[in-house]
Amino acid sequence: MATRRNSTDDPLAPLTLAVGQEDLLLDRAVQQVVAAARASDAETDVRDLTSDQLQPGTLAELTSPSLFAERKVVIVRNAQDLPADTVKDVKKYLDDPVEEITLVLLHAGDAKGKGLLEAARKAGAREVACPKTTKPAERLSFVRGEFRALGRSATPEACQSLVDSIGSDLRELASAASQLVADVEGTIDEAVVARYYTGRAEASSFTVADRAVEGRAAEALEALRWSLSTGVAAVLITSALAQGVRAIGKLSSARGGRPADLARELGMPPWKIDRVRQQMRGWTPDGVAVALRAVADADAGVKGGGDDPAYALEKAVVAVARAARTGR
């Protein structure tokens, strides 16, 4: 969770601005402020409001001086959706914040409500970035950070295996990392993750992709059907297929060298270079092109361009597996 240092890193700063659309990170930003406030004053009054609950005049009422000078945390969620009259109230408050009160604004960070976002920044808000994690590399970085925050060591392979097994939900990834730390002593490796999450790994979109790019069509189809039956989103499977084929294309066109050198050149971790090298056997440049077209067609199909997403995925898996065997 990255903090913008345009003001202070003190969670009890008069204003904290949590910007982004990742629910887990937004909740953590709130929890950090509340925990700090209650550590300072166990009787802290916490008011957690949605944008429709903060009506004109409500903020003034919540932040009016108390006879007992109690500490208070006022949380406003979806601040980008606040009506114009309420935004005026918030901006007025920002000009003269009340001592012993911490205001936390949760804002999606897009164009809607931009005026309030800029006003909060101008007021010197402590800003916490909560961006939506859309890339596998971001989820991998998140898992590594979770283990570091928990004071435990995990191998790169273990972190990748956990992401492959759990998927894109940060709450589930955080929970899985916490569970492993609680249950396992010593360094957490890939074998440990497989032991705990083998059922999830079988349903992983990356398992489907790995079997397909290895030319193992039957196993890929079996993994695909299991994935879909257990609720893995179709778009995650097409994404994994695309990543698998692109990785092969990148590595096949790269200059030879040590995994560490290729990792820097291609933006892949060294262990993944070794894995992709093993998967490259049988691939040709034409095969990569055919596979990418098949995956693109499937992606369009699962995003509304076709009537049967499962069939679109099956066609893509078979096409990728066949392309993997064109050079054999």
Side-chain angles (χ1 to χ4, degrees), residues 1-41 43-134 138 142 168-171 174:
M1 189 162 61
T3 302
R4 183 185 178 99
R5 297 176 179 270
N6 61 340
S7 174
T8 175
D9 286 338
D10 182 5
L12 296 182
L15 174 63
T16 285
L17 180 63
V19 183
Q21 300 178 42
E22 185 56 67
D23 290 340
L24 173 65
L25 301 184
L26 290 167
D27 286 346
R28 285 184 173 181
V30 170
Q31 291 163 7
Q32 185 184 33
V33 172
V34 172
R38 286 183 169 158
S40 175
D41 180 356
E43 302 300 319
T44 294
D45 182 17
V46 177
R47 303 296 180 92
D48 196 334
L49 307 172
T50 58
S51 57
D52 60 332
Q53 292 175 315
L54 194 69
Q55 298 296 317
T58 303
L59 184 62
E61 179 182 338
L62 290 174
T63 57
S64 59
S66 168
L67 291 175
F68 304 100
E70 65 182 354
R71 179 171 288 283
K72 185 178 292 185
V73 176
V74 178
I75 303 150
V76 181
R77 297 180 184 271
N78 300 314
Q80 73 278 357
D81 296 329
L82 289 171
D85 289 343
T86 306
V87 170
K88 290 180 182 178
D89 286 354
V90 176
K91 288 182 177 179
K92 181 179 179 181
Y93 175 80
L94 296 180
D95 291 334
D96 187 22
V98 178
E99 190 175 356
E100 298 299 313
I101 291 180
T102 297
L103 177 63
V104 183
L105 298 177
L106 276 59
H107 194 293
D110 49 24
K112 187 177 182 181
K114 187 177 180 180
L116 177 58
L117 186 64
E118 292 177 345
R121 286 169 170 163
K122 187 176 180 180
R126 167 184 175 266
E127 186 169 333
V128 181
C130 306
K132 197 75 175 176
T133 55
T134 59
E138 293 171 344
F142 172 80
S168 60
D169 191 307
L170 291 198
R171 290 187 189 278

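Just the heavy atoms: all of them, side chains too, but no hydrogens, waters or symmetry mates, feed the values below.
- Leu105 and Ala120 get closest at one heavy-atom pair: CD1-CB, 4.4 Å.
- Of all the heavy atoms in Ala37 and Val73, the pair that sits closest is CB-CG2, 3.6 Å.
- The OG atom of Ser51 sits 11.5 Å away from the CZ atom of Arg77 when rounded to the nearest 0.5 Å.
- Rounding to the nearest 0.5 angstrom, the gap separating the OG1 atom in Thr133 from the CD atom in Gln21 is 11.5 Å.
- No donor-acceptor pair under 3.5 Å is formed between the side chain of His107 and the backbone N or O of Asn78.
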Test log, rule side-chain contact (heavy atoms from CB on, under 4.5 Å), inputs Gln80 and Leu116 = CA-CA 7 Å; Gln80 73 278 357; Leu116 177 58; over 6 Å; no

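- Residues Leu26 and Gly20 come closest through the heavy atom pair CD1-O, 3.6 Å.
- Ion pairing of Arg171 with Asp27 is present here, as a side-chain N (NZ or NE/NH1/NH2) and a carboxylate O approach within less than 4.0 Å.
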Please walk me through it: do Leu103 and Leu94 pass side-chain contact (heavy atoms from CB on, under 4.5 Å)?
-> CA-CA 9 Å; Leu103 177 63; Leu94 296 180; 4.3 Å; yes

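- Between the side chains of Gln53 and Thr50, a donor-acceptor pair is found at a separation under 3.5 Å.
- Annotation for Ala125 and Leu17: closest pair CB-CB, 3.9 Å, computed over non-hydrogen atoms.
- Within the model, atoms CG of Asp45 and CD of Glu100 stand 13.0 Å from one another, a figure rounded to the nearest 0.5 Å.
- Judged purely by distance below 3.5 Å, without hydrogens or angles, the side chains of Thr44 and Arg38 never pair a donor atom with an acceptor atom.
- Side-chain N or O atoms of Glu138 include one that pairs as donor or acceptor with a backbone N or O of Thr134 at under 3.5 Å.
- Rounding to the nearest 0.5 Å places CG of Asp10 at 7.5 Å from CZ of Arg126.
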Side chains of residues 82-92: which donor-acceptor pairs under 3.5 Å do they make with residues two or more places apart or in other chains?
from, atom 1, to, atom 2, distance (Å)
Thr86, OG1, Leu54, O, 3.1
Asp89, OD2, Gly57, N, 2.8

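- From Arg47, atom CZ reaches atom OG1 of Thr63 across 11.0 Å, with rounding to the nearest 0.5 Å.
- Once rounded to the nearest 0.5 Å, the distance linking CG of Asp9 with OG1 of Thr16 reads 10.0 Å.
- Counting all heavy atoms, side chain and backbone alike, Tyr93 lies closest to Leu59 at CB-CD2, 3.7 Å.
- When each of Val104, Thr102, Val46 is checked for a side-chain contact (heavy atoms from CB on, under 4.5 Å) with Val34, only Val46 meets the rule.
- Nearest heavy-atom pair, Leu24 versus Ala174, reported as atom, atom and distance to 0.1 Å: CD2-CB, 4.2 Å.
- Using a 4.0 Å cut-off between charged nitrogen and carboxylate oxygen, Arg121 and Glu127 count as a salt-bridge pair.
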Output, in order, the C-alpha distance, side-chain angles, deciding distance and verdict of side-chain contact (heavy atoms from CB on, under 4.5 Å) for Leu12 and Ser40.
-> CA-CA 9 Å; Leu12 296 182; Ser40 175; 4.0 Å; yes

